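All remarks here apply to the structure that follows.
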Amino acid sequence: ELRTHFTGEIIPDADNGKTVTLAGWAHEIRDLGGITFLVLRDRTGRAQVTLVKKKIDAELLEIVKRMSRESIITVTGTVKAEPKAPNGFELLPETITVVNEAGSPLPMDTTGKVDAELDTRLDNRFMDLRREEQTAVFVIRDTVQKSIRDFLEQNKFVETTTSKIVAAATEGGTDLFPINYFDREAFLNQSPQLFKQMLMSAGLDRVYEIGPIFRAEEHDTRKHLNEATSIDIEMSFADHEDVMELLENMIVYVYEQVVEKCHKNLAVLGIELQIPKLPFNKYTYEQVLDIINNEIPEIEDKMVFGDDIGTQAEHLFGEYVFNKTGESHYFIIDWPTETKPFYAMPYEDRPEISKSFDMMHRMMELSSGAQRIHQHDMLVESIEAKGLNPDGFEFYLKTFRFGMPPHAGFGVGAERLVMTMLNLDNIREAVLFPRDRKRLSP
Ligand code: ATP
Ligand code: AMO
């Protein structure tokens with residue numbers, strides 16, 4: 001290994017006088033005449049390397065002066081506690097090595113001094129990610145996904161991996177990416193929905209998967225991707241109430257873990273995270289309609305049972321809930337059966353309503369889920385009622401004929417979870433290499 005320490009690992013007082021080797025990028029070179037500062041950057045932060053002209057070997061100074069920004073360098077030197085330096089220390093160099101020189105001009109600025117358009121940033125994502133705000137987003141996303149795994153493991157869930165190449169649609173017939181599969185047509189999977197339900201019949205009882213979903217939605221919005229990451233769970237011998245409780249506890253756990261483990265990254269982003277309160281508020285679909293129709297005058301068109309809650313109504317209702325309760329997260333429950341996919345379980349006494357929910361953030365939907373239909377014949381009827389052909393679902397329907405427990409589950413969009421947590425303007429900010437209608441590279 002070329003380095004002995006990351007810059008973020010150095011403790012100014014404890015390490016004062018110690019010889020260390022740092023490795024990273026030449027972030028900035030400032031020549032003030034009598035004194036030259038070289039700023040070395042790594043994933044954890046920055047270190048100021050100080051070269052005083054009168055005291056330093058002329059050869060070292062020459063290396064720094066010839067150095068191009070963003071070159072890969074290593075610096076071995078002595079740590080000196082220095083309150084005026086960033087992070088409270090500076091490094092007095094003994095050797096400086098340019099390991100790999102960077103070309104110039106750079107395709108984009110990494111100091112944050114020049115604002116670049118999102119498109120330019122995404123075109124040069126490798127450079128964009130060198131900025132500490134971008135690094136912070138992905139270090140936090142790592143903690144989000146790790147703590148979800150952690151939480152689900154604690155709750156006895158088995159992590160699974162299902163195929164992304166499939167023969168049939170799950171969420172209705174639209175929005176699929178077709179692919180050539182030898183001599184047949186196949187699709188990229190838009191949800192592990194059918195697989196996770198089949199695993200309930202297989203007896204795995206509680207499963208989860210964090211993986212890609214593909215949706216050929218043609219719109220270009222701040223909250224839609226054509227390749228997203230979904231956090232899917234399915235749980236046997238459970239109903240929609242059980243999985244809603246699991247979901248709200250999972251969200252709170254994730255927030256708590258991020259607050260505990262990522263305070264530095266949150267500070268870089270200027271975010272003070274509020275941990276949502278348990279239990280989340282629940283509004284039935286019909287209550288939402290009633291409030292929209294009677295208490296939110298900005299929405300001019302009256303809504304009737306069966307209407308989708310559109311983007312504007314979703315936002316205004318989110319504001320309404322926030323103003324009333326001070327909370328960003330809430331559930332909309334008991335959706336009309338006709339608005340939900342075929343697998344959602346209707347209430348026995350009011351079959352026009354389903355045991356389904358959306359978990360919302362003030363800004364957008366974060367998750368949807370439901371208790372599922374577990375009775376074979378009822379499921380066939382429901383598939384037909386959506387205008388789909390049960391023949392195409394035989395591989396799935398079969399698992400309902402030979403011992404399928406009652407079950408429920410949900411899917412959460414990982415990028416939306418990170419986006420709403422960090423108040424990002426655009427969902428693409430939460431993806432390393434986003435895929436949208438126009439973007440297929442890098
Ligand atoms: P879901 O995840 O259930 O599809 P969503 O949160 O992705 O919902 P919503 O904003 O609730 O999307 O809108 C519901 C549906 O409307 C989406 O699935 C999407 O297909 C479509 N939609 C959303 N925004 C737009 C848009 N700007 N242009 C065209 N269609 C849109
Ligand atoms: P749904 O279609 O609501 O439900 O998707 C679940 C969650 O995935 C996220 N999501 C997206 N994020 C970004 N871009 C997209 N194009 C996109 N599409 C979906 C959202 C959404 O809430 N099978 C059900 C889940 C279930 O019932 O278990 C499903 O896929 O955050």
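As the structure lists them, so they are numbered: ligands from 1, and atoms in each ligand from 1. What you are looking at is a predicted structure, and each value in this text was computed from that prediction instead of being measured. Both backbone and side-chain heavy atoms feed into the values below; hydrogens, waters and symmetry mates do not.
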Looking only at heavy atoms, is any part of Gln371 under 4.0 Å from ligand 2, and if so is it the side chain, the backbone, or both, or is it neither?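 It is neither part, as no heavy atom is under 4.0 Å.
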
Within the 4.0 Å heavy-atom cut-off, what Lys196 brings close to ligand 2 is side chain

For atom 14 (N) of ligand 2, which of the options Asp436, Asp232, Leu225 provides the nearest non-hydrogen atom? Leu225

Options His361, Glu234, Arg372, ranked by nearest heavy atom to atom 28 (O) of ligand 2, top entry: Arg372

What atoms of ligand 2 come closer than 4.0 angstrom to any heavy atom of [X]?
X	value
Leu366	22 (O), 31 (O)
Ile427	13 (C)
Ser368	1 (P), 3 (O), 4 (O), 22 (O), 25 (C), 26 (C), 27 (O), 28 (O)
Ser367	22 (O)
Gly369	27 (O)
His224	14 (N), 16 (N)
Glu365	3 (O), 21 (C), 22 (O), 31 (O)
Lys223	13 (C), 14 (N)

Using ring centroids (six-membered ring only for Trp), state whether Phe195 and Tyr396 fall under 6.0 Å.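 Ring-ring flag for Tyr396/Phe195: false, centres at least 6.0 Å apart.
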
When the ring centroid of Phe280 is compared with that of Tyr330, is the distance short of 6.0 Å? no

Please verify whether a non-hydrogen atom of Ile233 lies at under 4.0 Å from ligand 2.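 Under 4.0 Å: no for Ile233.
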
Contact with ligand 2 for Arg215, non-hydrogen, under 4.0 angstrom: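 Under 4.0 Å: yes for Arg215.
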
Please determine if [X] has a nitrogen or oxygen closer than 3.5 Å to a nitrogen or oxygen of ligand 2.
X	result
Gly413	yes
Tyr343	yes
Gln190	no
Glu217	yes
Val412	no

Around atom [atom1] of [X], are there more than 12 heavy atoms from other residues, nucleotides or ligands closer than 6.0 Å?
X	atom1	result
Arg43	CZ	no
Asp425	CG	no
Lys277	NZ	no

Below 4.5 Å, heavy atoms only, C-beta onward: do Phe151 and Phe157 meet side chain to side chain? no

Does the side chain of Trp25 come within less than 4.5 Å of Arg130's, by heavy atoms? yes

Check ion pair [X]-[Y] (N to O, under 4.0 angstrom):
X	Y	value
Lys355	Glu241	no
Glu209	Lys164	yes
Asp109	Arg131	no
Glu314	Arg362	no

Phe6 six-ring centre to Arg3 NZ/CZ under 6.0 Å and within 45° of normal: yes

